[in-house]
2 protein chains.
Amino acid sequence: MATIKDVAKRAGVSFKTVSRVLNDDTAVRHETRAKVIEAIEALDYRPNIMARSLRSQRTHTIGFISDLIASTPYASRIIQGAQERAWENDYLLLLINTGGNQAMKQTAVDTLLDRQVDGIIYATMYHREVHPPENIREVPTMLIDCFMADNSLPSVVPNEEEGGYNATLHLLQKGHRRIGYICDNSGVVATFGRLAGYQKALADYGIPFDPDLTCFLGSSISRNGFLGAKTLMQLENPPTALFCFNDRMAMGAYDAMRSLNLTIPDDVAIVGFDNQDLVAADLNPGLTTMALPHYEMGSWGVDHLISLINKAQDNLDISEQHVHKLLTCSLIERASA
Amino acid sequence: MATIKDVAKRAGVSFKTVSRVLNDDTAVRHETRAKVIEAIEALDYRPNIMARSLRSQRTHTIGFISDLIASTPYASRIIQGAQERAWENDYLLLLINTGGNQAMKQTAVDTLLDRQVDGIIYATMYHREVHPPENIREVPTMLIDCFMADNSLPSVVPNEEEGGYNATLHLLQKGHRRIGYICDNSGVVATFGRLAGYQKALADYGIPFDPDLTCFLGSSISRNGFLGAKTLMQLENPPTALFCFNDRMAMGAYDAMRSLNLTIPDDVAIVGFDNQDLVAADLNPGLTTMALPHYEMGSWGVDHLISLINKAQDNLDISEQHVHKLLTCSLIERASA
DNA sequence: ATCCAAATTGACAACGTTGTCAATGTGCAA
DNA sequence: TTGCACATTGACAACGTTGTCAATTTGGAT
């Protein structure tokens with residue numbers, strides 16, 4: 001592999017001049033620059049990033065810590081969004097998956113600090129509160145799809161309440177007035193946020209909240225969606241529409257409707273949440289659902305992180321940046337509502 | 001951040017001695033080592049990886065190039081498998097997603113070479129032939145879930161034929177003798193491999209291959225599964241079991257059975273392919289399906305890559321290692337067969 | 001031709017580590 | 001006590017780049 005000195009020798013200049021050309025320093029005569037560029041191309045020279053960052057103290061690398069990369073498939077879009085935005089800014093992602101193990105999180109942060117990353121993304125695969133290792137603060141850090149209770153690290157998460165609001169609003173606008181909400185009771189942030197949005201939308205339409213129309217069941221698997229939907233539809237005065245906590249539960253609700261011989265969307269409208277690629281579109285009829293802004297959280301998070309890195313580089317204080325950004329979920333309209 | 005010289009000063013030794021301690025060099029007196037270790041801990045010293053690899057020419061980093069990380073969700077398990085095995089061997093993954101763009105692939109390889117990665121993983125999100133940029137050969141490289149026609153780069157892929165064979169075998173063992181095969185005709189490797197396995201299993205049971213029982217339709221979406229299943233079940237002598245190219249098509253087949261008032265698995269058994277997390281388990285009844293060895297390809301690939309890296313380091317010839325490893329798909333038994 | 005400021009270029013240190021080799025210390029045999 | 005082999009330690013170069021600052025060249029005004 002050719003080095004900067006090889007290029008210098010071939011171009012007949014000092015290696016510092018080559019360095020100037022490489023760094024777009026204007027203080028190089030036009031013809032000198034041409035000679036250098038010729039030599040660079042002739043030797044297929046590429047700067048050694050190790051050596052460069054040893055001196056400049058910037059690695060142009062962002063550490064990406066995730067808990068369970070493969071557990072909720074669509075969430076890999078966070079990584080995609082992060083990687084693409086990083087790439088646009090000449091950064092690369094160094095990936096560590098902790099599998100949710102606490103000791104592993106600490107080691108992950110240590111390892112990334114060892115590698116002199118310029119910043120760290122700490123992402124979870126569903127929206128929740130986290131307690132990252134303290135020394136993560138040694139470099140600019142951004143939480144994605146998670147947050148600290150005291151907001152002492154900047155974070156970006158989906159706007160669950162707005163999502164629940166818009167999902168319900170969609171049903172209200174279609175004329176529905178008795179709308180059920182089927183969710184898990186695992187106590188995750190999303191459950192309550194979406195519930196609050198649901199209640200707010202009803203209130204805005206002057207509809208009193210009827211506790212009988214919401215049901216909380218265990219975890220958000222299709223079986224519980226099935227049970228919940230069945231329960232609600234067998235009420236004396238059943239709802240005409242169902243808002244399901246997520247697409248899996250909606251999938252169960254589809255089964256329930258079939259077992260009750262009810263047609264979607266004619267007898268009952270259904271709205272899900274997550275826009276889980278290979279579920280929502282492939283159900284029959286296609287499921288109308290709210291898409292979580294995974295890709296957007298990834299790219300927004302990296303954008304913000306890079307601005308923090310640049311500020312830190314200029315010795316500006318970044319400790320006061322208690323950003324907690326909420327990103328909008330978008331309605332994907334299909335045939336179920 | 002403390003450097004090796006700070007540690008040396010505090011321990012009252014030369015920085016070279018500290019270097020020895022860090023590298024487990026035995027040529028250090030016991031008590032000297034103790035002093036050094038005390039100093040390292042007192043200063044919370046961590047070696048600077050940049051400086052280290054500048055000298056040693058090894059970065060302990062593996063570049064991971066993927067085409068469409070988020071398009072087929074379950075495939076993020078390749079990344080997970082790769083990352084975990086890399087981690088166990090003190091390697092980290094530098095991630096680049098090309099989005100299937102050809103120019104981007106070239107830039108990705110260039111960028112990784114610039115970063116002095118010790119090796120490269122080139123992964124695709126479905127099993128197919130690839131033509132990676134030629135200069136990828138400058139470092140040890142491993143293809144995952146893809147291959148070169150001339151096998152001039154080592155690769156690891158799923159054993160599609162064996163998978164098709166075992167899926168069919170499962171149905172045969174359940175007593176089925178008329179088994180349909182529903183697949184896409186997009187011409188991907190998997191289509192033909194699974195078909196070959198299907199035919200081989202039939203042949204092993206002495207059942208002649210009946211072309212009427214296979215149908216090829218467009219892409220592998222649920223709609224086509226629906227159409228295919230309906231067509232096959234309306235034959236004069238319909239099959240008693242269906243082998244579906246993937247879980248999405250199986251999902252469509254479920255719909256077809258419902259529309260024909262047929263019960264799964266009593267009237268017809270169904271086996272899918274992919275074990276797509278949030279589909280297969282959540283269907284009703286649960287879908288029996290073949291799981292692709294994504295995680296295993298990731299970890300096997302990294303394992304093999306690291307052995308190549310070590311050989312290259314010792315200047316052993318690795319160009320002759322035309323490995324093309326086939327990994328077994330495993331049957332996930334649920335209720336549909 | 002001469003001078004001066006600005007433009008251009010180069011010499012050398014520095015980044016934090018490892019590699020090489022020489023210098024010093026140690027313990028045991030003579 | 002001396003000598004020698006071996007263990008231990010240190011001085012210094014090297015890795016390939018950027019940063020600092022001084023040296024040299026250039027071009028225009030005199």
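Chain letters run A, B, ... following the sequence lines, proteins first and then strands; every chain starts at 1. Nothing here was measured: the structure is a model prediction, and the numbers come from that model.
Of the N and O atoms on the side chains of B:Ser66 and B:Asn97, at least one donor lies less than 3.5 Å from an acceptor on the other residue. Side-chain contact, A:Thr26 with A:Arg20: no donor N or O sits under 3.5 Å from an acceptor N or O. Between A:Asn159 and A:Thr328, the side chains place no donor N or O within less than 3.5 Å of an acceptor N or O (distance only, hydrogens not considered). Checking B:Arg115 against A:Thr61 by side-chain atom types alone, a donor-acceptor pair falls below 3.5 Å.
Only one option out of A:Asn89, A:Ile306, A:Leu92 pairs with A:Ile62 in a side chain to side chain contact (heavy atoms under 4.5 Å, CB included); it is A:Ile306.
One finds no side-chain N or O of B:Thr17 lying less than 4.0 angstrom from the OP1 or OP2 phosphate oxygen of D:dT9. Under 4.0 angstrom from either OP1 or OP2 of D:dT9 there lies at least one side-chain N or O belonging to B:Arg29.
B:Thr32 comes within 4.0 angstrom of the backbone, heavy atoms only, and of no base.
A salt bridge links A:Glu38 to A:Arg10: one of the charged nitrogens lies within less than 4.0 Å of a carboxylate oxygen.
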I need a per-nucleotide contact map over nucleotides 17-23 of chain D, read 5' to 3'. Cutoff is protein heavy atoms under 4.0 Å; write B for the base, S for backbone only, - otherwise.
BBBBB--

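Distance A:Asp114 CG to C:dG16 C1': 14 Å, rounded to the nearest Å. Straight-line distance from the CD1 atom of B:Ile49 to the C1' atom of D:dC15: 16 Å, rounded to whole Å. B:His30 places its NE2 atom 12 Å from the P atom of D:dT9, with the value rounded to the nearest Å. Summarising the geometry, the separation between CZ on A:Arg115 and P on C:dG16 is reported as 18 Å, rounded to the nearest angstrom. Following rounding to the nearest Å, A:Glu31 (CD) and C:dA7 (C1') show an atom-to-atom distance of 13 Å.
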